[in-house]
Amino acid sequence: MSKLRCVKGMHDILPEDMPKWHYLENCYRNLVSDYGYEEIRTPILESLDLFVRGIGESTDIVEKEMYAFEDKGNAKLALRPEGTASVIRAFLQNNLEALTPVSKLYYIGPMFRRERPARGRYRQFYQAGAELIGIEDATADAELIGMAVTFVKTLGIQNVNVQINSLGDPETRPAYRNALVQFFSKKKEQLCNDCVRRLDTNPLRILDCKVEACSIAAQEAPNVFDYLSDDAHSHFSDLQQLLSLHDVNFTVVPTMVRGLDYYTRTIFEIQGGADILGAQSTIVGGGRYNGLVKQLGGRNTPTIGFAFGIERLLLLLGDNAKESVKPTVFVAGVGEGGLERTIRVSRQLRNCNFKVEAPYKNGSLRSQLKRADKSSAVVAVIAGADEALQNAVTIRNMQNGEQQIVPLDELEPKIRELM
RNA sequence: GUGAGAAUAGUUCAACGGUAGAGCCCCGGCUUGUGGUGCCGGUUGUUGCGGGUUCGAAUCCCGUUUCUCACCCCA
């Protein structure tokens with residue numbers, strides 16, 4: 001008998017995991033709202049075309065990792081593989097640019113990529129991200145990177161490594177690309193099979209190849225910085241100056257590239273937890289995409305953003321990084337009319353905003369206290385027949401077993417004392 | 001997409017060709033007005049799934065699914 005289970009690469013997030021999720025999400029919401037970001041939620045399903053145009057036809061994500069299909073009306077749809085394209089679509093569709101000169105948007109939600117699952121990598125995974133739309137200055141880049149670094153550090157993740165690079169502008173990129181193709185074509189025999197393929201599809205990626213032969217071959221490859229426009233150059237050096245104002249320590253990695261076509265100028269990654277995450281040690285990735293808004297049909301609007309994978313980040317959190325759980329009050333009933341009294345007392349206590357568990361059926365006080373113990377109640381309220389005669393209940397401190405009889409109208413303050 | 005390892009009770013694991021077991025968890029009782037510790041008792045499996053070898057398979061072989069790890073790629 002095969003048990004029903006969720007599809008490959010998907011996973012359930014169980015109640016026991018939620019305190020950590022809530023903690024992380026609350027940290028993130030609080031932090032980005034301190035920087036003036038507001039939440040946006042977009043549909044999980046978009047037209048396939050949005051991602052093909054936004055992310056790039058020849059990217060791995062679009063080429064082989066998307067859940068794309070036709071619905072019954074023959075519309076070509078896809079589950080979103082990342083958040084940025086959808087956010088920019090929503091920005092344009094709803095004319096958010098008319099509201100403020102600068103839009104700061106953040107999102108949290110599930111993304112879908114059909115990859116081989118591994119530790120910290122799922123086919124449905126949760127990403128949170130932020131987009132700063134409308135500023136081209138490096139001040140924006142620096143603030144956004146600073147925000148991402150602050151977030152990771154707020155979570156208590158140590159030993160993070162911030163890497164930055166500049167990819168230049170669309171006008172200069174072809175020249176650099178050509179230079180790379182020319183350079184590597186001469187060294188084709190030294191390259192791994194993947195890189196030979198990349199020569200056609202994405203020559204920049206060769207620089208980032210981990211195969212030793214390739215990285216040796218790449219050592220004398222043309223340098224991006226020789227191909228940056230003056231503007232891009234000063235943008236990048238401004239960024240480096242400004243990052244120190246945000247107390248961000250960083251490394252310039254000229255060979256770093258990123259998997260999405262839309263990046264221009266600044267790209268960055270935050271790495272950490274290589275001992276736990278192995279090959280998945282990039283925890284935050286982002287960059288500038290000045291061309292994307294126009295590419296999706298809007299006006300030329302410079303934009304920068306980042307995203308991080310929640311599952312991956314969660315693996316790095318310590319056990320104390322979780323939302324605190326409200327203590328429980330258990331209401332037990334004994335004697336004639338016990339069950340009815342538990343209902344009345346439970347309602348009274350919930351009106352006072354306590355978290356209350358009640359027994360649902362008559363049983364011995366012993367079995368009810370066992371249940372109280374299982375629900376890790378801090379206080380048990382015993383609504384017994386004897387006390388009821390004086391309009392009172394017994395409250396029991398579940399830590400030390402101390403009890404007292406308390407009139408019903410003094411119940412709230414007496415319980416508060418024990419929490 | 002490539003390569004490697006794993007899968008036995010709710011859970012952690014044992015059994016390594018000869019009757020599938022233990023700890024924990026869970027449930028009940030000792031104790032229907034007093035939980036945790038204690039004692040007594042109880043439930044639990046087509047050994048992931050499908051096939052093959054064998055008198056006999058959890059065990060050996062093949063396939064398959066899922067998970068894990070390393071690539072690839074990315075968050």
Side-chain angles (χ1 to χ4, degrees), chain A residues 1-11 55 59-65 81-84 108 110-129 148 152 192-195 197-198 201-202 205 208-211 214 256-260 269-273 277-286 305-316 330 332-336 338 359 361-388 393-403 405:
Chain A
M1 186 70 63
S2 67
K3 216 170 163 182
L4 241 33
R5 45 177 313 139
C6 65
V7 315
K8 181 182 175 123
M10 312 280 156
H11 68 302
I55 298 172
T59 57
D60 277 9
I61 291 180
V62 169
E63 218 169 45
K64 38 188 206 201
E65 296 174 358
E82 55 101 52
T84 299
I108 302 179
M111 307 295 163
F112 302 82
R113 291 182 202 173
R114 199 181 180 291
E115 301 177 87
R116 184 86 154 231
R119 184 176 186 78
R121 173 162 60 191
Y122 299 93
R123 289 178 169 186
Q124 175 177 338
F125 61 104
Y126 286 76
Q127 244 182 15
V152 170
C192 70
N193 291 337
D194 281 321
C195 283
R197 181 179 52 82
R198 285 168 179 144
T201 57
N202 190 356
R205 173 62 70 190
D208 204 32
C209 186
K210 272 95 193 168
V211 176
C214 299
M256 178 171 68
V257 297
R258 297 197 51 72
L260 289 66
E269 286 183 3
I270 302 177
Q271 314 243 356
L277 295 174
Q280 268 77 249
S281 61
T282 298
I283 50 184
V284 181
F306 67 76
F308 59 88
I310 297 184
E311 285 90 345
R312 197 170 286 184
L313 216 41
L314 243 20
L315 288 172
L316 301 181
F330 191 93
V334 281
E336 190 68 27
K361 55 178 77 171
N362 282 308
S364 64
L365 179 57
R366 174 184 153 74
S367 68
Q368 294 185 60
L369 284 177
K370 272 192 173 179
R371 273 206 51 207
D373 200 50
K374 293 274 154 52
S375 66
S376 60
V378 174
V379 176
V381 173
I382 302 166
D386 299 347
E387 300 93 314
V393 292
T394 296
I395 64 176
R396 177 181 180 84
N397 179 330
M398 292 299 284
Q399 264 105 67
N400 57 20
E402 281 174 13
Q403 296 191 173
I405 295 178

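We name chains A, B, ... by the order of the sequence lines, and we start the count at 1 in each one. Please read all numbers here as calculations on a predicted model, not as lab measurements.
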### Query
Quantified in whole Å, what is the P atom distance between nucleotide B/rA7 and nucleotide B/rG48?
8 Å
### Message
I'd like the P distance from B/rC55 over to B/rU11, given in whole Å.
### Response
36 Å
### Task
Between B/rG33 and B/rU37, how far apart are the P atoms? Round to whole Å, please.
22 Å
### Task
Pick base, sugar-phosphate or nothing for A/D386, based on heavy-atom distances below 4.0 Å to the nucleic acid.
base
### Between B/rG18 and B/rC60 - P atom distance, rounded Å
11 Å
### Query
Does a distance-only test, which skips hydrogens and angles, find a donor-acceptor pair under 3.5 Å between the side chain of A/D373 and the base of B/rG35?
yes
### Query
When the distance from CD of A/E336 to C1' of B/rG33 is rounded to whole Å, what number comes out?
15 Å
### Options B/rA75, B/rG36, B/rG33, nucleotide nearest the side-chain atoms of A/Q127
B/rA75
### Sugar-phosphate only, base, or nothing, as touched by A/E63 at under 4.0 Å among non-hydrogen atoms
nothing
### Query
A/Q368 CD to B/rG33 P: how many Å, rounded?
10 Å
#### Entry: Residues forming a side chain to side chain donor-acceptor pair (under 3.5 Å) with A/Q403, sequence neighbours excluded
A/R396
### Query
Rounded to whole angstrom units, what separation is found between the CD atom of A/E115 and the C1' atom of B/rC72?
9 Å
### Message
Using the side-chain heavy atoms of A/R312, tell me which of these nucleotides is nearest: B/rC67, B/rA75, B/rG36.
### Response
B/rA75
#### Entry: A/I283 backbone acceptor or donor facing A/R312 side chain under 3.5 Å
no
### Message
Assuming nearest nucleotide by heavy-atom distance, tell me which of A/I270 and A/Q403 is located more 5' along RNA chain B.
### Response
A/Q403
#### Entry: N/O donor-acceptor pair, side chain A/Q399 with base B/rG36, under 3.5 angstrom
no
### Summary
A/I395 atom CD1 is separated from B/rG35 atom P, nearest whole Å, by 18 Å
Which pairs would a plain distance check flag for residues 376-386 of chain A, meaning a side-chain donor or acceptor within less than 3.5 Å of a matching protein atom at least two apart in sequence or in another chain?
none

### Message
What's the gap between B/rG1 and B/rU8 when it is taken at their P atoms, as a whole Å value?
### Response
25 Å
### Task
Decide yes or no, distance alone: a donor-acceptor N/O pair under 3.5 angstrom between the base of B/rU34 and the side-chain of A/R366.
no
### Query
For RNA chain B, what dot-bracket results from Watson-Crick or G-U pairs at under 3.5 Å, with [ ] for crossers and | for inter-strand partners?
(((((((..((((....[..)))).(((((.......))))).....(((((..]....))))))))))))....
#### Entry: Sugar-phosphate only, base, or nothing, as touched by A/S367 at under 4.0 Å among non-hydrogen atoms
nothing
### Message
Rounded to whole Å, please give me the gap between NZ in A/K374 and C1' in B/rC25.
### Response
9 Å
With a cut-off of 3.5 Å and sequence neighbours excluded, list every side-chain donor-acceptor pair involving residues 363-370 of chain A.
residue	atom	partner	partner atom	Å
A/S364	OG	A/S367	N	3.0
A/S364	OG	A/S367	OG	3.3
A/S367	OG	A/S364	N	3.4
A/S367	OG	A/S364	O	2.9
A/Q368	OE1	A/G333	N	2.9
A/Q368	NE2	A/G333	O	2.7
A/Q368	NE2	A/G363	O	3.0

Strictly under 3.5 Å: I want the nitrogen or oxygen pairs between protein and nucleotides 68-71 of chain B, one per line.
residue	atom	partner	partner atom	Å
B/rC69	OP2	A/R119	N	2.6

## Note on the structure
Winner on side-chain proximity to A/R396, out of B/rA75, B/rG33, B/rG36, is B/rG36
### Task
For the side chain of A/L365, starting at C-beta, report the closest nucleotide among B/rU34, B/rA75, B/rG35.
B/rU34
### Interatomic distance, A/E65 atom CD to A/D60 atom CG [nearest 0.5 angstrom]
5.5 Å
### Summary
Sequence neighbours excluded, the answer for side-chain contact (heavy atoms from CB on, under 4.5 Å) partners of A/Q124 is A/M10, A/P110, A/F112, A/Y126
### Message
Heavy atoms only, 4.0 Å cut-off, all strands: where does A/G9 land among base, sugar-phosphate and nothing?
### Response
sugar-phosphate
### Task
Answer with base, sugar-phosphate or nothing: what part of the nucleic acid does A/E65 contact at a heavy-atom distance below 4.0 Å?
sugar-phosphate
### Query
So what does A/G335 touch, heavy atoms closer than 4.0 Å: a base, only the sugar-phosphate, or nothing?
nothing
### Task
Quickly work out the A/I61 CD1 to B/rG1 P distance and round it to whole Å.
17 Å
### Task
Give, for atom CD of A/E82 and atom CZ of A/R113, the distance between the pair rounded to the nearest 0.5 Å.
7.0 Å
### Distance between C1' atoms of B/rA58 and B/rG50 (Å, rounded)
16 Å
## Note on the structure
Taken in chain and number order and not counting sequence neighbours, the residues that satisfy salt bridge (charged side-chain N to carboxylate O under 4.0 Å, His left out) with A/E311 are none
### Query
What distance separates A/L313 CG from A/Q127 CD, expressed to the nearest 0.5 Å?
11.5 Å
## Note on the structure
Comparing nearest nucleotides in RNA chain B, the 5'-proximal residue of the pair A/K370, A/K8 is A/K370
### Partner set under side-chain contact (heavy atoms from CB on, under 4.5 Å) for A/R258, not counting sequence neighbours
A/Y263, A/I267, A/E269
### Query
Rounded to whole angstrom units, what separation is found between the CZ atom of A/R123 and the P atom of B/rU65?
11 Å
### Message
Please check: side-chain N/O of A/R123 versus main-chain N/O of A/P117, any donor-acceptor pairing under 3.5 Å?
### Response
no
### Message
By the 4.0 Å heavy-atom rule, please label A/G285 as base, sugar-phosphate, or nothing.
### Response
sugar-phosphate
### Message
What's the gap between B/rC71 and B/rU54 when it is taken at their P atoms, as a whole Å value?
### Response
43 Å
### Message
What is the separation between atom CZ on A/F112 and atom C1' on B/rA75, rounded to the nearest whole Å?
### Response
15 Å
#### Entry: Face-to-face contact A/F308 to B/rA75 six-ring, under 5.5 Å, under 30°
no
### Message
Could you work out, with side-chain contact (heavy atoms from CB on, under 4.5 Å) as the rule, every residue matching A/A388, not counting sequence neighbours?
### Response
A/R341
### Task
Determine the contact category for A/A372: base if any of its heavy atoms lies under 4.0 Å from a base atom, sugar-phosphate if only primed atoms, P, OP1 or OP2 are that close, otherwise nothing.
nothing
### Query
Say you pick atom C1' in B/rG45 and the same atom in B/rA9; how far apart are they, in whole Å?
5 Å
